[in-house]
**Student:** 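Would you mind keeping the following structure in view while I ask a few things?
All values below come from the heavy atoms of this structure, side chains included, with hydrogens, waters and symmetry mates left out.
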Amino acid sequence: MQAPSDRPQPSPDRVLYDACPLCQSTEIAHFATGDCTKHLCYDPSLSPTITWLKCAACAHVFTEGYYTDAALQRMFHKTQSTQVVGVNLEKNREISARMIERVLPFQDRGTWLDVGFGNGSLLFTAAEFGFDPVGLDLRQTTVTAMQNLGFEAHLADICDFQDPRQMSVISMADVLEHTHYPKDCLRAAHRLLKPGGVLFASMPNSDCMIWDVATQQNVNTYWGEMEHYHNFSRQRLYALLEETGFAPKRYGISERYRMCMEVVAVAQG
């Protein structure tokens, strides 16, 4: 990661943010530049760097913009191995079980909607615990694979998803940092949850010591993570949850990916 300097030329591969995507402040400035050439999704036709901005009003750190549809088509020519339905089934079952156990004190039955279900492990395990599993994903091959296993799965974005059921749990495991406007996704989750329903969210925590050390040693790969548009701190995430109708109840360390946090929040009426 390069140190802050004058903002580089904007990338033609992205739709640029003209304000902070969380608070809409226009007080945004260049914060860091990351190298993405080693990323699995990197294509030589795309910019080799990622420009990160910081909002002076709310301290959120985000990329200069999100990729255009044409750029995404060049990036997502294959599915990452960790996202293949059923991969590492036994190990992922154990990790998913510990995630579910964080939720059980607040909700222990009903419909569990997993947004961006990826390899499906969380839904498989939620079914074991007695929940009714439903999945959303943006990859058709992933949705079809899940449906072929007999699980309810939809090719849909949560912001557009409509369902007459009131969800007991909505999980966004490493999802919010991929979205253009996280606030819209959280508002959609609040709309779909019953009062007292649970949101489970996980993502990298840019405010932990290991993040700072990895950045100082120039080995923090999240600065070159092409699929992420946001780097959340715990404090900024909690403020966003409260703004969108959630009360954070529990914090934990994620086992899924490095430097990540897990938060359980309850939907307020």
Side-chain angles (χ1 to χ4, degrees), residues 1 3-4 7 14-34 50-67 99 102-103 115-116 158-159 170-191 193 198-216 220-254 256-268:
M1 183 190 74
R7 184 172 174 177
R14 294 178 183 259
V15 178
L16 302 182
Y17 292 116
D18 56 10
C20 173
L22 298 192
C23 76
Q24 297 305 307
S25 171
T26 56
E27 295 184 70
I28 54 178
H30 178 233
F31 181 69
T33 302
I50 298 174
T51 298
W52 292 88
L53 309 180
K54 185 171 184 178
C55 176
C58 75
H60 184 53
V61 175
F62 55 98
T63 58
E64 64 177 341
Y66 50 88
Y67 283 111
M99 295 163 68
R102 296 185 188 274
V103 170
V115 180
I158 188 173
C159 294
I170 294 180
S171 50
M172 295 183 179
D174 307 286
V175 167
L176 279 180
E177 67 273 27
H178 293 253
T179 64
H180 302 168
Y181 295 97
K183 186 183 295 186
D184 292 344
C185 297
L186 291 174
R187 285 174 172 160
H190 193 276
R191 168 178 56 83
L193 280 167
V198 167
L199 174 74
F200 178 93
S202 62
M203 67 201 69
N205 180 4
S206 65
D207 196 31
C208 63
M209 180 58 71
I210 189 172
W211 179 283
D212 294 338
V213 171
T215 297
Q216 290 168 9
N220 187 342
T221 56
Y222 286 118
W223 294 114
E225 176 50 74
M226 298 184 73
E227 296 187 68
H228 292 187
Y229 301 131
H230 308 274
N231 283 333
F232 281 96
S233 67
R234 179 188 181 208
Q235 182 179 11
R236 191 63 188 89
L237 175 62
Y238 272 41
L240 185 64
L241 289 171
E242 290 166 354
E243 184 181 346
T244 52
F246 292 96
K249 295 294 184 181
R250 186 169 181 175
Y251 178 88
I253 306 300
S254 174
R256 284 164 52 93
Y257 300 110
R258 298 175 63 237
M259 308 183 212
C260 286
M261 57 182 166
E262 294 179 348
V263 174
V264 174
V266 173
Q268 305 298 289

**Student:** As an exercise, state the distance from CD1 of Ile50 to OG1 of Thr33, rounded to the nearest 0.5 Å.
**Tutor:**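 Atom-to-atom, Ile50:CD1 and Thr33:OG1 are 10.0 Å apart.
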**Student:** May I ask you to decide if Asp174's main-chain N or O and Ser202's side chain share a donor-acceptor pair within less than 3.5 Å?
**Tutor:**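 Flag set: sc Ser202 to bb Asp174 pair under 3.5 Å.
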**Student:** More than 12 heavy atoms of other residues, nucleotides or ligands under 6.0 Å from CD of Gln235: yes or no?
**Tutor:** no
**Student:** I'd like to check the ring-ring contact (aromatic ring centres under 6.0 Å, His included) partners of Tyr238; sequence neighbours left out, ordered by chain and number.
**Tutor:**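 Tyr238 satisfies ring-ring contact (aromatic ring centres under 6.0 Å, His included) with no residue once adjacent residues are dropped.
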**Student:** Short question: side chain of Lys183, backbone of Leu22 - any donor-acceptor pair under 3.5 Å?
**Tutor:**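 Side chain of Lys183 to backbone of Leu22, a donor-acceptor pair under 3.5 Å: yes, one is there.
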**Student:** Do side-chain atoms of His180 reach the backbone of Pro182 as a donor and acceptor pair under 3.5 angstrom?
**Tutor:**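 Side chain of His180 to backbone of Pro182: no pair is present.
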**Student:** List for me each residue that meets ring-ring contact (aromatic ring centres under 6.0 Å, His included) alongside Tyr251, sequence neighbours excluded, and say none if there are none.
**Tutor:**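 Here no residue qualifies.
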**Student:** Indicate yes or no: at least one non-hydrogen side-chain atom of Val175 is less than 4.5 angstrom from one of Ile158.
**Tutor:** no
**Student:** Are side-chain heavy atoms of Phe200 and Val264 found at a separation under 4.5 Å?
**Tutor:** yes
**Student:** For the side chain of Trp52 and the backbone of Trp223, is there at least one donor-acceptor N/O pair under 3.5 Å apart?
**Tutor:**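 Side chain of Trp52 to backbone of Trp223, a donor-acceptor pair under 3.5 Å: yes, one is there.
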**Student:** What closest approach, in Å, do Leu193 and Val198 show between heavy atoms, and which atom pair accounts for it?
**Tutor:** CD2-O, 3.6 Å
**Student:** side-chain contact (heavy atoms from CB on, under 4.5 Å) for Met259 and Ile210? Distances and angles first, verdict last.
**Tutor:** CA-CA 7 Å; Met259 308 183 212; Ile210 189 172; 3.6 Å; yes
**Student:** Please name all residues satisfying side-chain contact (heavy atoms from CB on, under 4.5 Å) with His178, sequence neighbours left out, ordered by chain then number.
**Tutor:**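 Partners of His178 by the side-chain contact (heavy atoms from CB on, under 4.5 Å) criterion, ordered by chain and then number, come out as Glu227, His228.
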**Student:** Is it the case that the side chain of Ser171 and the backbone of Ala173 share a donor-acceptor pair, with hydrogens and angles ignored and the cut-off at 3.5 Å?
**Tutor:** no
**Student:** Which atom pair, heavy atoms only, marks the closest approach of Ile28 to Cys55?
**Tutor:** CG2-CA, 4.1 Å
**Student:** Give, for atom CE of Met203 and atom OG of Ser254, the distance between the pair rounded to the nearest 0.5 Å.
**Tutor:** 10.0 Å
**Student:** Would you name the heavy atoms of Thr215 and Asn220 that are closest together and state the gap between them?
**Tutor:**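 Where Thr215 meets Asn220 most closely, the heavy atoms are OG1-ND2, 3.0 Å.
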**Student:** Where do Trp211 and Pro204 come nearest, in terms of heavy atoms and distance?
**Tutor:** CZ3-CB, 3.9 Å
**Student:** Which heavy atom of Ser233 sits nearest to which heavy atom of Asp207, and what is that distance?
**Tutor:** CB-CB, 3.8 Å
**Student:** Drop me the distance from Asn231's CG to Lys54's NZ, to the nearest 0.5 angstrom.
**Tutor:**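 Reported value, rounded in 0.5 Å steps: 11.0 Å.
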**Student:** Taking all non-hydrogen atoms of both residues, which atom of Cys185 and which atom of Met172 are closest, and how far apart?
**Tutor:**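 Scanning both residues completely, I find the closest heavy atoms to be O-CE, 3.6 Å.
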**Student:** Let me confirm one number: the OG1-CG distance from Thr179 to Leu186, rounded to the nearest 0.5 Å.
**Tutor:** 8.0 Å
**Student:** Going by salt bridge (charged side-chain N to carboxylate O under 4.0 Å, His left out), name the residues that satisfy it together with Arg102, two or more places apart in sequence or in a different chain.
**Tutor:** Glu262
**Student:** Quick check, are the ring centers of Tyr17 and Tyr181 under 6.0 angstrom apart?
**Tutor:**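 Centroid separation for Tyr17 and Tyr181: below 6.0 Å.
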**Student:** Report the distance from atom CG of Asn205 to atom CD1 of Ile253, rounding to the nearest 0.5 Å.
**Tutor:**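 So the gap between those two atoms works out to 7.5 Å.
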**Student:** Is it true that a side-chain atom of Tyr229 and a backbone atom of Tyr67 form a donor plus acceptor pair closer than 3.5 Å?
**Tutor:** yes
**Student:** With sequence neighbours excluded, give me every salt bridge (Lys or Arg N to Asp or Glu O under 4.0 Å) pair touching residues 231-242.
**Tutor:**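 Those involving residues 231-242 do not exist here.
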**Student:** Could you tell me whether the side chain of Gln268 and the main chain of Val266 form a donor-acceptor pair under 3.5 Å?
**Tutor:**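 It does hold such a pair.
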**Student:** Could you pull out all residues at least two apart from Phe232 that satisfy ring-ring contact (aromatic ring centres under 6.0 Å, His included)?
**Tutor:**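 Phe232 satisfies ring-ring contact (aromatic ring centres under 6.0 Å, His included) with His60, His230 only.
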